[in-house]
Each structure stands twice: as C-alpha cells, then as structure tokens.
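One structure is given here, and the rest of the page talks about it.
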Amino acid sequence: MKKTRKSKKPGTNTQEYSAETKLIWGKSFTPKWDYSHHVVPPLSSSSTFRMTSTKRGAQGFVEFAHHVDDLVVQSKAPIYIYDRLGEPNKDLLEENLAVAEQADCAVTFATGMAAVSALCGILLGSGSEVVAHKMLYGCTFSLFKNWLPRYRVKVAWVDFNDAKALERAISPNTRLLYFETPVNPTMELIDIKRVVEVARKSNLHRSRAHQIFTAVDNTFATPFCQRPRELGIDFVVESLTKGLCGFGTDMGGVVAGPAWSYDQLLMYRKDFGGVLSAKSAWPILVYGLPSLAVRFRQQMNTAQRVAEMLERDKRIEVVNYPGLDSFNQRTLAREQMKDFEGGFAPGTLLYFVPKGKTAAERHRKADRLVNYIAANSYTMTLAVSLGNIRTLIEHPASMTHSSIPPEEQLKRGIDPGGIRLSIGLERAEDILLDLRTALEQLD
Ligand SMILES: *Cc1c(COP(=O)(O)O)cnc(C)c1O
C-alpha cells in the first residue's frame with residue numbers, strides 16, 4: 001500500500017517543492033487522514049473516535065502528548081481519542097501551518113487570543129515576568145495588563161526598538177519577550193533580529209530552566225510576508241481569523257514553535273479546553289491557506305496603490321505603509337518582510353492620519369471620514385478584523401485599541417485621528433474611487 005502511494009506521488013514531503021505550493025498540498029498523503037480517494041480532505045466532524053480494543057485505547061492515552069523531543073512519532077498513524085485532544089482536520093492544518101511558519105510544530109486554538117493565552121500558559125508561572133513592546137493588539141494588552149498580574153506575572157512595557165531599554169527591562173525572572181511586527185495599528189516595525197540578539201546574549205548567562213523565550217504575533221504579516229522563526233524567534237503566535245482564514249468566516253489561532261513545546265501546548269489545550277473546532281479548521285485548511293499567496297499578492301498591489309494615493313493627498317498628514325519609499329523603516333521593511341521566494345512583501349494593511357492642528361481636530365476628521373465611508377462606500381466597510389478579502393476600515397482609538405486609556409494611547413503612538421485600512425480583493429480602481437469621494441469630506 002505504502003509503495004503504490006510513493007510511486008503515485010513522487011516527491012511528496014521532500015524539500016524540492018516551494019513553501020507556497022505546500023500551502024495547497026500539505027503532506028498530500030498522511031496517516032493523519034487516509035484520504036486516498038479524496039482530492040480535498042473531508043470535513044471530519046466527530047467529537048469522539050472508535051477504539052478497536054481497550055488495549056488500543058490505553059495506547060492512545062499513553063501516546064497523547066508524549067512526543068518529547070521526538071516528533072518522528074507524529075508521522076506514525078495517530079490514535080484519535082476525543083476532539084479536544086486532537087482530530088484529523090486540525091492535525092492537517094497544524095502540519096501545514098508549521099511548514100508555512102518554518103516551525104517544528106504548530107498547535108491550533110479556538111481563537112488568536114486562546115493561542116496567546118496558551119503561549120503564556122506554557123512559559124509563565126507565578127513570579128515570572130514578561131517584557132512586552134509598549135504597543136500591542138488591544139485584547140493582548142488587556143490580557144497582559146489585567147489578567148497576568150492576577151497570576152503574579154509581572155509585565156514590563158518598553159520600546160522594543162530601543163535595544164538598550166529592552167536589555168535594561170530584563171530581570172532574572174524574565175521568561176518571555178513579546179511583540180508584534182508590524183505593530184497594530186501603527187505599522188511601526190520591530191527589528192526581529194535585534195530582539196533575538198538581546199535574548200541570545202541574556203541566555204548565555206542563564207540555566208536551561210531560566211531561559212528567555214522570544215515570541216512574535218505574526219497576524220498582520222502572515223507567513224506569506226514574514227517568517228520570524230527564520231530570523232531566530234522561538235514562538236510565533238497568530239490569529240487564524242485574519243489573513244490566514246482570509247474570507248472572514250471562521251475564528252482560530254495558532255502557536256508555532258520548537259519541538260519541545262509541542263506536548264506542552266497539547267496538554268495545555270486539553271486541560272484549558274480552547275480547541276479549534278474541526279468545522280473552523282476545515283475552511284482554513286481548504287480555502288484559507290491554499291489561497292494565501294494569490295490573495296496577498298493581489299491585496300498588496302492594491303495596498304501599495306492606495307498608500308501612494310493617500311500620500312499624495314494634501315488632506316492627509318501621515319501614511320504608514322511599509323511598501324512606501326517614504327516609510328521611515330524602509331530598509332528594515334525590505335530586510336524583514338519577504339515572501340517565500342524572497343520578494344518584498346509589505347503586507348495588506350495601512351495606517352493614516354488626516355491633517356489637523358490639534359488631536360481633537362484630527363479625531364473629528366477621522367470620525368467624519370470613517371462615518372462617511374460607513375454610510376456611503378461600496379468597497380469599504382466599517383468593521384474590525386483584517387486580512388479579509390473585503391476591504392475593512394476602522395478607528396483604532398475608539399474601537400480595537402479602546403481598552404488602552406486615551407492618554408496612554410498617545411504615549412504608545414496611536415493618534416486620536418489614526419485610521420486603519422485593511423485592503424481586500426476588490427479592484428484597486430474601485431477602492432480608490434470610494435476613497436477619493438470620501439476624502440472630499442475633509443475639505
Ligand atoms: C485579531 C488579533 C488577535 C486576536 O485574534 P482573535 O482570533 O480575534 O482572537 C491577536 N493579535 C492581533 C495582532 C490581531 O489582529
């Protein structure tokens with residue numbers, strides 16, 4: 001049986017194929033699901049799995065989350081027990097996500113926030129400390145600010161682009177350096193290699209039990225635009241709800257990291273229970289990942305044109321898009337944001353601020369512009385979320401980042417007039433038409 005499969009599908013699982021093609025085919029033939037008759041993996045929707053004997057049941061429980069440092073076990077036919085422990089659709093998706101992120105393993109969760117929580121869960125305990133970049137996604141900020149301290153986990157906030165400040169913020173109890181790049185919503189970039197270097201230097205003097213780990217939330221870039229693991233980062237966390245799902249139909253999250261973390265993440269997920277539903281894993285596996293490259297190429301082209309148009313507009317003060325020549329971290333953007341083939345991949349999101357002498361005036365203008373778009377625009381919708389095939393616009397200060405008090409927002413770089421735009425698959429000309437009309441509201 002194995003032989004015929006091999007001859008049917010030469011080259012399966014080899015290094016010869018590009019990561020982009022692997023997003024579509026994954027392992028193609030896998031013991032995770034025997035779909036030799038299916039071109040598309042079937043939607044597996046079963047909360048429990050049949051055992052042929054108590055012996056096999058016992059073996060399943062013994063083997064669960066016991067890969068230790070030997071992920072080879074993964075390639076054997078798994079014994080499925082119960083959805084919360086693992087099931088075929090999630091497993092297939094996880095294999096493909098690990099390849100996409102260049103990680104040893106990936107474990108999915110119900111949402112991006114469940115993934116962030118799981119990462120904290122396996123790395124932190126009472127008394128440990130996190131150093132986080134001063135600006136994070138609103139709910140991650142709230143998790144770090146409001147919940148971690150209740151478990152006696154301290155969070156220090158610093159500017160990760162200030163390597164000296166980052167070094168100073170690290171204490172003997174620090175276990176995790178956590179950041180996003182591009183930063184949501186400002187599109188500021190953090191130099192990944194520099195953070196990795198700070199952690200590496202600090203780890204030289206630490207025992208294995210006291211190592212510092214680095215984690216990047218890669219939601220904005222997706223693995224198509226950036227693979228932090230290739231630059232030495234330990235963990236990537238990501239919301240699957242955004243660019244990876246792409247169509248705005250499902251929620252999910254993933255932690256991708258080193259082999260040793262696999263069993264801990266599985267155990268954490270089993271006991272805390274935030275599993276990705278098979279019904280949500282399936283569309284991400286079948287539609288989201290396979291279309292990631294083609295969606296992102298198109299959406300990035302449009303984002304570039306929109307950014308250039310906004311930059312030329314006299315009514316706009318700031319446009320932050322890593323693809324612009326005027327982007328103040330242009331060199332870093334070109335080094336760090338690359339597609340699987342090494343091409344520049346500045347992403348599908350941009351941030352801009354209307355002109356105004358005072359913060360209040362910029363806020364009023366952003367309000368006017370976004371409300372006009374909400375009421376009149378065909379191609380742009382006022383909604384949170386991002387990475388969707390539909391163009392979405394939102395006002396971070398009052399929406400996604402409202403958990404951060406206004407005076408803190410300013411300190412952390414969010415302007416009251418800042419607007420976040422997530423470019424979709426609509427024709428560029430149509431988005432530009434809607435934007436041009438809307439900008440007249442600022443005259
Ligand atoms: C949306 C988002 C999250 C959270 O993901 P959910 O799937 O909504 O839980 C985390 N980080 C970033 C940068 C996000 O944009």
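We count ligands from 1, going down the list as the structure has it; atoms in each ligand are counted the same way. Values below: every heavy atom of this structure, side chains too, minus hydrogens, waters and symmetry copies. Starting from 1, each residue takes its place in the sequence as its number.
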Does ligand 1 have any atom sitting under 4.0 Å from a heavy atom of Gly252? yes
Ligand 1 atoms nearer than 4.0 angstrom to some heavy atom of Asn184 are 13 (C), 15 (O)
Shortest heavy-atom approach to atom 13 (C) of ligand 1 - which of Asp217, Leu349, Leu386: Asp217
In Å, rounded to the nearest 0.5 Å, how long is the span from CD of Glu197 to CG of Leu166? 11.5 Å
Using a strict threshold of under 4.0 Å (side-chain N to carboxylate O), is an ion pair present between Glu394 and Arg420? yes
Under 4.0 Å from ligand 1, counting heavy atoms only, is it the side chain of Leu240, its backbone, both or neither? neither
Measure the distance from atom 15 (O) of ligand 1 to every protein heavy atom, then report the residue, atom name and distance (to 0.1 Å) of the closest one. Lys242 NZ, 2.8 Å
Give a yes or no on whether Phe247 atom CZ has more than 12 heavy-atom contacts from other residues, nucleotides or ligands under 6.0 Å away. yes
Would you call the rings of Phe213 and Phe235 parallel, tilted or perpendicular, where under 30° means parallel and over 60° means perpendicular? perpendicular
Give me the residue, atom name and distance of the protein heavy atom closest to atom 8 (O) of ligand 1. Met251 CE, 3.6 Å
If you measure every N or O of Phe220 against every N or O of ligand 1, does any of those distances drop under 3.5 Å? no
Interatomic distance, CD@Gln211 vs CG@Asp234, rounded to 0.5 Å, equals 8.5 Å
Identify whether the distance between the nearest side-chain nitrogen and carboxylate oxygen of Glu20 and Arg297 falls below 4.0 Å. yes
Atom 4 (C) of ligand 1: closest protein heavy atom, distance to 0.1 Å, is Tyr137 CE2, 3.5 Å
Show, in sequence, the C-alpha distance, side-chain angles and deciding distance for Leu324 and Leu350, and conclude whether the side-chain contact (heavy atoms from CB on, under 4.5 Å) test is met. CA-CA 10 Å; Leu324 286 176; Leu350 40 106; over 6 Å; no
Heavy atom of the protein closest to atom 6 (P) of ligand 1 (residue, atom name, distance): Gly112 N, 3.3 Å
